[in-house]
Amino acid sequence: MIETNVSRRQHDTFLQVVHSYYQLTKPRIIPLLLITTAGSMWIAAQGEVDPWLLIITMIGGTLAAASAQTINCIYDRDIDYDMERTRHRPLPSGKVQPRDAFIFAIVLAVLSFTLLTVFANLLAAFLAFSGIIFYVLVYTHWLKRHSTQNIVIGGAAGAIPALVGWAAVTDTLSWAAWLIFAIVFLWTPPHFWALALMIRDDYAKVGIPMLPVVAGDQATVRQIWFYTVITVTATILLFYPLHASGIVYAVIALTLGGIFVHKSWRLLQNPEDKTIARELFLYSISYMMLLCLGMVVDSLPVTHHLLHQLHL
Ligand code: HEM
Ligand SMILES: CC(C)=CCC/C(C)=C/CC/C(C)=C/COP(=O)(O)OP(=O)(O)O
C-alpha cells in the first residue's frame with residue numbers, strides 16, 4: 001500500500017517536471033509559427049509537399065522555437081517574476097532551475113540543427129538556428145528592455161520560420177520566400193501592440209519600453225493602423241506581381257485583409273477601447289492562420305483542377 005502511494009507520487013512528480021519543461025517552451029505560440037512554415041512550404045513545392053520533409057521541418061522548427069523560448073525564459077526570469085501574467089512560469093515560480101533550463105535549451109537547439117541538416121538541408125538548419133540567435137540576442141537581450149521598436153525589429157525572428165519552410169523545400173530563398181517573411185514581419189506590430197495596449201501596466205511596472213508605455217495609446221494605434229495597411233498590401237504582392245499564389249489566395253487575402261483593416265480602423269477611432277484592442281489581437285491570430293491556410297489551399301493541384309473546370 002505504502003509502496004503504491006510512493007510510486008504514484010513519483011509518477012505525479014515526473015509528470016509535473018515534464019509539464020514544467022513543456023511550459024518553458026511557450027507552447028501556445030508554436031503552432032502558428034508552424035502554420036507559417038507550412039504555408040511557405042506549400043507555395044515553394046507548388047502544392048506537392050513531400051510528407052516526410054513536412055514532418056521533419058515541423059519537428060525541426062518546433063525544437064528551434066522551443067529552444068529560443070526557453071532561453072528567453074531564462075533571460076527574462078526577473079521581469080517575469082514581477083508581472084502577474086508571467087509570474088507562474090516555471091523559472092520565476094522555482095519549478096525549474098536556470099541551469100537545467102539552459103541545458104534543455106542547448107539539447108533542443110542541437111537536435112533541431114542536426115535533424116534539419118541531416119533530413120532537410122544545411123540552409124534550413126542555419127536559418128532555424130539564426131532564428132534562435134536573433135530572438136535571444138537581438139530581441140531579448142538587446143532590444144526588449146531598451147527600445148520602443150523592440151518588437152518591430154525583433155519580430156524578424158518570428159518571421160524566420162517562413163524562410164525555414166521555403167529553404168527546406170528548395171534549398172534556396174526566392175523573392176516569394178522573402179515576401180512571406182515580410183508579411184509575418186509586418187503583421188507582428190499590430191499583433192503584439194494590440195495586446196500591449198491591454199497589458200500596458202504590467203510592462204510599465206517592470207520598465208519594459210513597449211510602445212503604449214512610452215508613446216501612449218494614440219501613437220500606438222496610429223502605428224498599428226500603418227502596419228496593418230502595409231501588411232495587407234504586402235499579402236497582395238504574392239498574387240501580383242509575383243504570381244507565386246493564384247486567384248483563390250488573392251480572394252482569401254483580400255477578404256481577411258479587409259476585416260483586419262476594418263478592425264484596425266475601429267481601434268484608430270477608439271484608441272482607449274480595450275475591447276476593440278482585444279478583438280484585434282485575437283483576430284490577428286486567426287488572420288495569420290487563415291492566410292497561410294489560403295496559401296496552402298491555393299497551391300493544391302485539386303484547386304487548380306477545379307479552377308480549370310470552371311474556366312477560371
Ligand atoms: C516579437 C514578436 C512577438 C511578440 C513580442 C509577441 C508577444 C505575444 C504575447 C506577449 C502573447 C501573449 C502570450 C501569453 O499570454 O503568454 C502572444 C500571444 C500569441 N502570439 Fe505572439 N508575439 C510575437 C510574435 C508572434 C509570432 C511571429 C507568432 C506566430 C506567427 C505569434 C503567435 C502568437 C499566438 C498564436 C499567440 C496566442 C497564444 C495563446 O493562445 O495564448 N506571435 N504573443
Ligand atoms: C526559427 C525560430 C527559432 C524562430 C523563433 C521565433 C520565436 C520564438 C518567436 C516568438 C515571438 C514571441 C512569441 C515573442 C514573445 O515575446 P516575449 O518573450 O517578450 O513575451 P512575454 O512578455 O510573454 O515574455
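Each ligand, and each atom within it, is numbered from 1 in the order the structure gives.
- Using a non-hydrogen distance threshold of 4.0 Å, R89 registers as a contact of ligand 2.
- The closest donor-acceptor contact from the side chain of H304 to the backbone of D298 lies under 3.5 Å.
- Which of Y75, F129, Y135 comes nearest to atom 15 (C) of ligand 2 through a heavy atom is settled by distance: it is Y135.
- Between H243 and Y240, the ring planes lie perpendicular to each other; the angle is over 60°, past the 30° to 60° tilted range.
- Using 4.0 Å as the threshold, N72 has a heavy atom nearer than that to some atom of ligand 2.
- The contact shell of ligand 1, taken as protein residues with any non-hydrogen atom closer than 4.0 angstrom, comprises R28, I29, L32, L33, R85, R89, Y139, I151, G155, G158, W187, T188, H191, F192, L195, Y203, F281, I285.
- Using a cutoff of 4.0 Å between basic side-chain nitrogens and carboxylate oxygens, E84 and K205 are not scored as salt-bridged.
- The distance from ligand 2 to the heavy atoms of K26 drops below 4.0 Å at these ligand atoms: 17 (P), 18 (O), 20 (O), 21 (P), 24 (O).
- Within ligand 2, the atoms closer than 4.0 Å to a non-hydrogen atom of Y203 are 22 (O), numbered from 1 in the order shown.
- Counting heavy atoms closer than 4.0 Å to ligand 2, residue A128 contributes backbone atoms (N, CA, C, O) but none from C-beta onward.
- Near I132, with a cut-off below 4.0 Å to any heavy atom, the atoms of ligand 2 are 3 (C).
- For atom 22 (O) of ligand 2, the choice among M83, R28, Q69, R85 with the nearest heavy atom turns out to be R85.
- Here R222 does not pair with D217 in a salt bridge; the nearest charged N to carboxylate O distance is not below 4.0 Å.
- Heavy atoms of Y139 come nearer than 4.0 angstrom to ligand 2 in at least one pair.
- Inter-residue side-chain proximity for I224 and L267 is flagged as met; some heavy-atom pair is nearer than 4.5 Å.
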